[in-house]
2 protein chains.
Amino acid sequence: MTADDDIPRAPTLEDVARVAGVSRATVSRVVNDTRNVDRRIREVVQAAVAQTGYVPNQAARSLVTRRTGSVALVVSEAEHRSFDDPFLGRVFTDPFFGRVVSGIISVLRPRAVNLVLMLAETNDSRSQLIDYLRQGHVDGVLLISTHADDPLPSMLIESGLPTVLSRRPSTPIPISYVDVAQHVGAGLAADRLAERGCQQVATISGPMDMPASQDRLNGFREAMARHGHAFVPSVEGNFTQDSGEQAMRELLDRYPDIDGLFAANDLMAQGALLALHDRGIAVPGRVAVVGFDDSSAATASRPPLTTVRQPIEDMAAAMADLLLAHIDERQPRVTSRIFEPTLVVRDSA
Amino acid sequence: MTADDDIPRAPTLEDVARVAGVSRATVSRVVNDTRNVDRRIREVVQAAVAQTGYVPNQAARSLVTRRTGSVALVVSEAEHRSFDDPFLGRVFTDPFFGRVVSGIISVLRPRAVNLVLMLAETNDSRSQLIDYLRQGHVDGVLLISTHADDPLPSMLIESGLPTVLSRRPSTPIPISYVDVAQHVGAGLAADRLAERGCQQVATISGPMDMPASQDRLNGFREAMARHGHAFVPSVEGNFTQDSGEQAMRELLDRYPDIDGLFAANDLMAQGALLALHDRGIAVPGRVAVVGFDDSSAATASRPPLTTVRQPIEDMAAAMADLLLAHIDERQPRVTSRIFEPTLVVRDSA
DNA sequence: TTGAAAGCGCTAACAC
DNA sequence: GTGTTAGCGCTTTCAA
C-alpha cells in the first residue's frame with residue numbers, strides 16, 4: 001500500500017469528460033448551466049458527473065472568473081482590546097448581531113453567495129484583514145464598524161473592493177451605507193416620555209465617538225426641548241448592560257427626582273432596570289424607561305421595555321442587496337438607504 | 001477613456017519580477033519567506049513588491065498548493081425552521097457562542113488561518129453547505145451541532161474533510177471531538193444542592209435529543225441518588241430563557257414544595273428565576289437554583305447564579321488545535337479531549 | 001452545438 | 001542561490 005492509494009485525487013472536469021465521451025468545454029457548459037447544449041448530451045454529462053462524484057474546484061474557477069461567490073461580514077472594533085477582553089462576547093452576545101446575520105443571509109442564500117465572518121479588533125488584525133480581502137478571497141465587504149475613528153472604511157475604499165457600511169460613516173467619505181433615521185427614533189422616545197407627563201428626564205447615551213450615539217442624544221434633546229424641557233442630563237454608556245446599570249446609578253445619585261429615562265439601546269435600558277430594581281424604584285410607576293432597538297432584551301427584561309424599533313433584518317438585507325448590486329456594476333454609485341424607526345409600546349413607559 | 005483604463009489589472013508575480021529584475025520563482029520565494037534567497041536580492045524584491053502594491057492571488061495559490069488557509073465554523077440546527085424563526089437570534093444571542101468564537105480565533109489568528117462562518121438550519125442549506133465545503137473553500141471544519149440526528153457529521157466524514165465536533169456525537173462515529181465531562185458537572189450541581197439541605201429537588205433539562213442534555217440529566221439524577229434522593233422530577237426545555245421560565249412554572253404547579261433546582265444551562269436558569277420572582281418565591285431563600293455554563297447570563301441575573309463552569313474558550317481553542325493538527329497530518333487519528341467542569345458559587349445556591 | 005487551445009497566477013521540481 | 005518549466009483545474013474565445 002502506497003500513499004497514493006490513500007489519497008485519491010478528486011475527479012476533475014477532465015475525468016468527467018472522459019467518462020461522458022465529450023470535451024472539457026462541454027462538461028463545463030453543463031455544469032454551469034449554459035444554454036446551447038444538446039439535451040441528450042447534457043443528460044449523459046450529468047450522469048457522468050453523478051458517477052464520478054465531481055465537484056468543481058473553486059480555486060480553479062475563481063482564477064479564471066475572478067469571482068469567489070463569497071462576501072465578507074466584517075465586525076470592526078476599537079483598538080486597545082485583547083482576547084481576555086469581552087469584545088467577542090459583547091459583539092455576539094448583542095441580540096442585534098443575530099438579526100443582522102439573519103437579514104444578510106436571507107438575501108445571500110437564494111443567490112448562492114456565501115458569508116465569511118471576519119473580526120478586526122486590533123490594528124494588527126485590521127491590516128491582516130485588509131491583506132486577506134485584497135487577496136481576492138471575497139467579492140465584497142459588509143462592514144459593521146463600532147467606533148468613529150475606524151480606519152477600515154477608508155482602507156476598503158482604497159482597496160477598491162465593493163463595500164457597504166451598516167451606518168453612516170463618522171466622516172464624510174464616498175462609501176455606500178444603510179442606516180436608520182436616528183433623530184426620528186430618539187424623537188419617538190422623547191414624545192412618549194413627554195406624553196406620560198415626565199418632568200425630570202435623563203438619558204444614557206452610547207459611546208460618543210459613534211455617530212449613532214451622537215444622533216440619538218441630539219435627537220432626544222432636540223425633541224425634549226420642543227416639549228419645553230430645556231435640560232436633559234446624560235451619562236455615557238458603552239451599549240452593554242453593565243454600563244447601563246452603572247450609568248443609572250450615577251444618574252440616580254445626581255438627580256434623585258428622575259421620572260423618565262431614555263437609554264440609547266435596550267441592553268443599557270435593561271441594566272438601568274436592574275439598578276432601579278435594586279433601589280426599590282418602581283418602573284414605570286416612579287420612573288418610565290424607553291429603550292432603543294427592540295431587541296430580545298426588550299421582552300426578556302422586567303418589565304418588558306417600551307422601545308424604538310429599527311427594522312434590523314430589513315436593513316441588513318438592504319446592505320446585502322446594495323453590495324450585490326455594487327459587485328455586479330463596474331462603477332458603482334455611492335448610495336445610502338435610510339429606514340424609518342417605530343415605537344413599540346410595552347410596560348416600561 | 002476606455003473600460004481598460006478604469007479597471008487596471010492587479011499586479012502579478014510577473015510584474016514584480018520584471019520590476020525587480022529577477023524570475024517569478026525568486027519573487028515567490030521571497031513572498032513566501034522561503035530560505036535560500038540572497039539577502040540583497042530579497043531586499044530588491046521586497047522593494048518591488050512595495051512599489052507595485054503586489055498582493056498574492058489566493059485562487060492561483062490554492063490551485064497549486066491545495067490549501068486555502070481557511071477553516072469553517074459550521075453551526076447546524078434541526079430542520080423545521082424558517083427565516084422568521086429566531087434560530088439565528090438564538091444561536092448568536094447565546095452568550096456561549098461569542099466565547100466559542102473567541103477561543104477559536106485565539107489559536108487560528110497566530111497561525112494566520114481564517115474563519116469562515118457557515119450556517120445550516122435547513123436540509124437545503126445543509127447540502128448546499130456540503131457542496132461548498134467539497135469545492136475546497138476551506139481546509140477543515142469545526143462543527144457545532146445542536147441536535148442529535150444531524151446528518152452533517154456523517155456527511156463530513158464521507159467528504160473526507162478534516163472535522164472536529166464541539167460535542168460527543170450522538171451516535172458513535174469515527175470523528176474527533178472536544179467535550180466537557182457532563183456527568184461530573186451535573187454531579188457538582190447535585191452536591192451543592194444536597195449540601196444546602198434541599199429536600200425536594202427538580203431539574204430543567206435541555207432538549208433530550210442532545211447527548212449533552214441526556215448526560216446532564218442522568219448525571220444529576222445519579223448524583224442525587226447517591227445523596228439519597230430517589231426521585232428527581234424534570235421538565236424538558238430547549239436552552240432558551242423562555243423555555244426555562246415556562247418549565248419552572250410547570251414544575252411549580254406540579255411540585256409546589258420544590259426547594260432546589262438544577263437548570264441544564266444558565267439561560268434557562270435565568271428564565272426560572274423570572275418565574276420564581278413572578279410568584280414571589282425567594283431565591284435562594286425558598287428555592288436554591290444552580291445553572292450550567294457560567295455564561296454572562298449567570299452574572300446578569302438577579303440573584304447572580306451559582307453555576308457549573310465549563311472552560312468554553314479553552315475547549316474551543318482545543319477544537320481549533322485538533323483541527324489544525326488533523327489538517328497537517330495525512331491520516332489523522334480520531335481523537336477526543338474532555339475538559340473538567342468546576343462549580344462557581346454565587347448567590348442563587 | 002461542440003471541440004481545441006489559450007491562458008488565469010502561482011508553486012515546486014528540476015536544472016544550472 | 002536562482003532561473004526554467006510544467007502544470008494545478010477551470011472558463012472562454014475561436015473555429016469547425
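Proteins come first, then strands; the chains are lettered A, B, ... in the order of their sequence lines, and each starts at number 1.
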For C:dT1, does OP1 or OP2 lie under 4.0 Å from any side-chain N or O of A:Asn36? yes
From CG of A:Asn57 across to P of D:dG7 the rounded distance in Å is 18 Å
In this structure, OG1 of B:Thr12 is separated from CG of B:Asn57 (nearest 0.5 Å) by 9.5 Å
Got more than 12 heavy atoms from elsewhere within 6.0 Å of CZ, B:Arg337? no
Rounded to the nearest angstrom, tell me the gap between atom CG in B:Asp33 and atom P in C:dT11. 13 Å
Out of D:dC10, C:dC10, C:dT1, which nucleotide sits closest to the side chain of B:Arg61? C:dC10
A side-chain contact here means heavy atoms from C-beta on lying under 4.5 Å apart; do B:Leu133 and B:Val138 qualify? yes
Are B:Ile173 and B:Ile157 close enough that some pair of their side-chain heavy atoms sits under 4.5 Å apart? yes
Rounded to whole Å, please give me the gap between CD in B:Gln135 and C1' in D:dC8. 17 Å
If only side-chain N and O atoms of B:Arg66 are considered, is one of them under 4.0 Å from the OP1 or OP2 phosphate oxygen of D:dG9? yes
Please check the phosphate of C:dT2 (OP1 and OP2 only) for any side-chain N or O of A:Thr26 closer than 4.0 Å. no
Of B:Val64 and B:Val37, the one whose nearest nucleotide on DNA chain D sits closer to the 5' end is B:Val37
Under 3.5 Å, is there any donor-acceptor pair linking the side chain of B:Arg24 to the base of D:dT4? no
Heavy-atom closest pair (A:Leu142 atom, A:Met319 atom, distance to 0.1 Å) is CD2-O, 3.6 Å
Is any side-chain nitrogen or oxygen of A:Thr12 closer than 4.0 Å to OP1 or OP2 of D:dG9? no
Give a yes or no on whether a donor-acceptor pair under 3.5 Å exists between the nucleobase atoms of D:dG3, that is its base, and the side chain of B:Arg29. yes
Rounded to the nearest Å, what distance is computed from the CG atom of residue B:Asp38 to the C1' atom of nucleotide D:dG3? 15 Å
Rounded to the nearest angstrom, tell me the gap between atom CG in B:Asp15 and atom P in C:dG9. 9 Å
Distance, rounded to the nearest Å, where B:Leu13 contributes CG and D:dT5 contributes C1': 15 Å
Output the rounded distance in Å from CD (A:Glu14) to P (C:dA4). 10 Å
State whether B:Ser28 places a side-chain N or O below 4.0 Å from either non-bridging phosphate oxygen (OP1 or OP2) of C:dC10. no
Check the distance between D:dG7's C1' and A:Leu63's CG and give it to me in whole angstrom. 12 Å
At under 4.0 Å, does any side-chain N or O of A:Asn32 touch on OP1 or OP2 of D:dT11? yes
